[in-house]
Amino acid sequence: MTPSHGPGSPWSDLDRPPLNAASLRRALIRPGGLWTSLDLVPATGSTNSDLGARAAALPEGAVLVAEEQTAGRGRLDRTWSAPARSGLFFSVLLKPDVPVGRLAWLPLLTGVAAATGLARAAGVDMALKWPNDLMVNVAGERGKEERKTGGILAERAGDDGVVVGLGLNVTLREEELPVPTAGSLLLADAVSTDRDPLLRAVLRSLEQWYTRWTDADGDPAASGLQEAYAAGCATLGRTVRAELPGDRALTGEAVAVDGDGRLVVAPPGGEPEAVGAGDVVHLRPAG
């Protein structure tokens with residue numbers, strides 16, 4: 001049977017073939033492993049919302065992947081959308097047995113895992129913007145520009161669950177960018193934009209980091225997570241403006257990520273302050 005190539009067909013853009021759910025399951029689901037199920041849907045509003053609604057009935061390790069996400073959400077209720085099959089849009093259900101105060105490390109852990117896995121599979125140097133953005137360098141009019149190619153959102157689900165979602169631009173073209181500050185692996189000259197191995201690499205890396213972190217009772221120092229995050233964080237060492245709750249802003253140098261996952265900002269002539277929530281803007285290039 002010849003596949004339909006109409007607008008709604010998974011083969012309507014031959015540069016963006018569909019994911020292979022059966023192949024992904026064979027590669028990722030194994031006895032004793034973290035991943036226990038993997039569902040692939042053609043489109044949904046939000047994988048985080050869908051997985052969160054089913055969290056009570058699912059074991060840890062459930063993965064939900066969408067070829068297209070029409071109402072994806074980021075921090076501060078920002079929307080995230082992209083053409084079908086142009087990226088990786090997925091959520092995972094985790095139920096970590098760690099102190100509640102250490103759950104704030106989950107989005108940072110996911111960032112480290114994604115950056116590590118994609119560096120290997122896509123051959124792209126990725127940087128982490130505190131607390132939940134994945135950045136790449138893209139050639140622009142003034143040389144290399146730092147652009148956001150991915151975002152992470154972690155949400156509590158039920159009494160013991162956390163749903164962590166990741167949206168990543170893979171083959172988004174310049175004319176498809178939602179904003180000029182967005183990027184993609186394609187625009188960063190990735191050696192591979194094949195989404196199957198990229199997704200496998202991210203989920204395997206996430207399993208490795210999550211296991212290390214939970215084995216250490218969620219301790220970011222003992223698991224090596226705090227050191228790894230600091231090493232890959234493009235925010236540290238830069239002048240930033242943190243937009244804080246209550247219409248307050250804090251400007252200064254980002255000097256550390258503390259043991260609670262907070263960004264420590266040192267204002268000129270003032271005492272350093274740990275920021276746990278808010279929006280952070282890079283005001284000065286790294287270096």
I'd like to know if the side chain of [X] and the backbone of [Y] have a donor-acceptor N/O pair within less than 3.5 Å.
X	Y	value
Thr181	Arg147	no
Asn169	Leu172	no
Ser205	Ala201	no
Asn132	Ile152	yes
Ser49	Ser46	no
Glu243	Asp279	no
Trp105	Gln226	no
Arg241	Leu283	no
Asp260	Arg262	no
Trp35	Leu203	yes

Is it the case that over 12 heavy atoms from other parts of the model lie below 6.0 angstrom from the [atom1] atom of [X]?
X	atom1	value
Arg173	CZ	yes
Asp125	CG	no
Glu175	CD	yes

Any ion pair linking Arg212 and Glu227 (charged N to carboxylate O, less than 4.0 Å)?
->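 Salt bridge absent between Glu227 and Arg212.
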Carboxylate-amine/guanidinium proximity below 4.0 Å for Arg195 and Glu67 =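 Between Glu67 and Arg195 there is a salt bridge, with a charged N closer than 4.0 Å to a carboxylate O.
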Criterion side-chain contact (heavy atoms from CB on, under 4.5 Å) on Leu177 and Leu187, from CA distance to verdict = CA-CA 10 Å; Leu177 297 177; Leu187 296 176; 4.0 Å; yes
Among Leu128, Val257, Val255, find the one that has a side-chain contact (heavy atoms from CB on, under 4.5 Å) with Leu236.
->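 Single side-chain contact (heavy atoms from CB on, under 4.5 Å) partner of Leu236 among Leu128, Val257, Val255: Val257.
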Leu40 and Leu24: CA distance, side-chain angles, deciding distance, side-chain contact (heavy atoms from CB on, under 4.5 Å) verdict = CA-CA 10 Å; Leu40 174 64; Leu24 289 167; 5.5 Å; no
Checking side-chain contact (heavy atoms from CB on, under 4.5 Å) for the pair Val41/Leu64: CA distance, chi angles, key distance, verdict?
-> CA-CA 8 Å; Val41 297; Leu64 177 61; 4.2 Å; yes
Where do Leu198 and Leu168 land on the side-chain contact (heavy atoms from CB on, under 4.5 Å) test, with the steps shown first?
-> CA-CA 10 Å; Leu198 295 182; Leu168 180 79; 5.6 Å; no
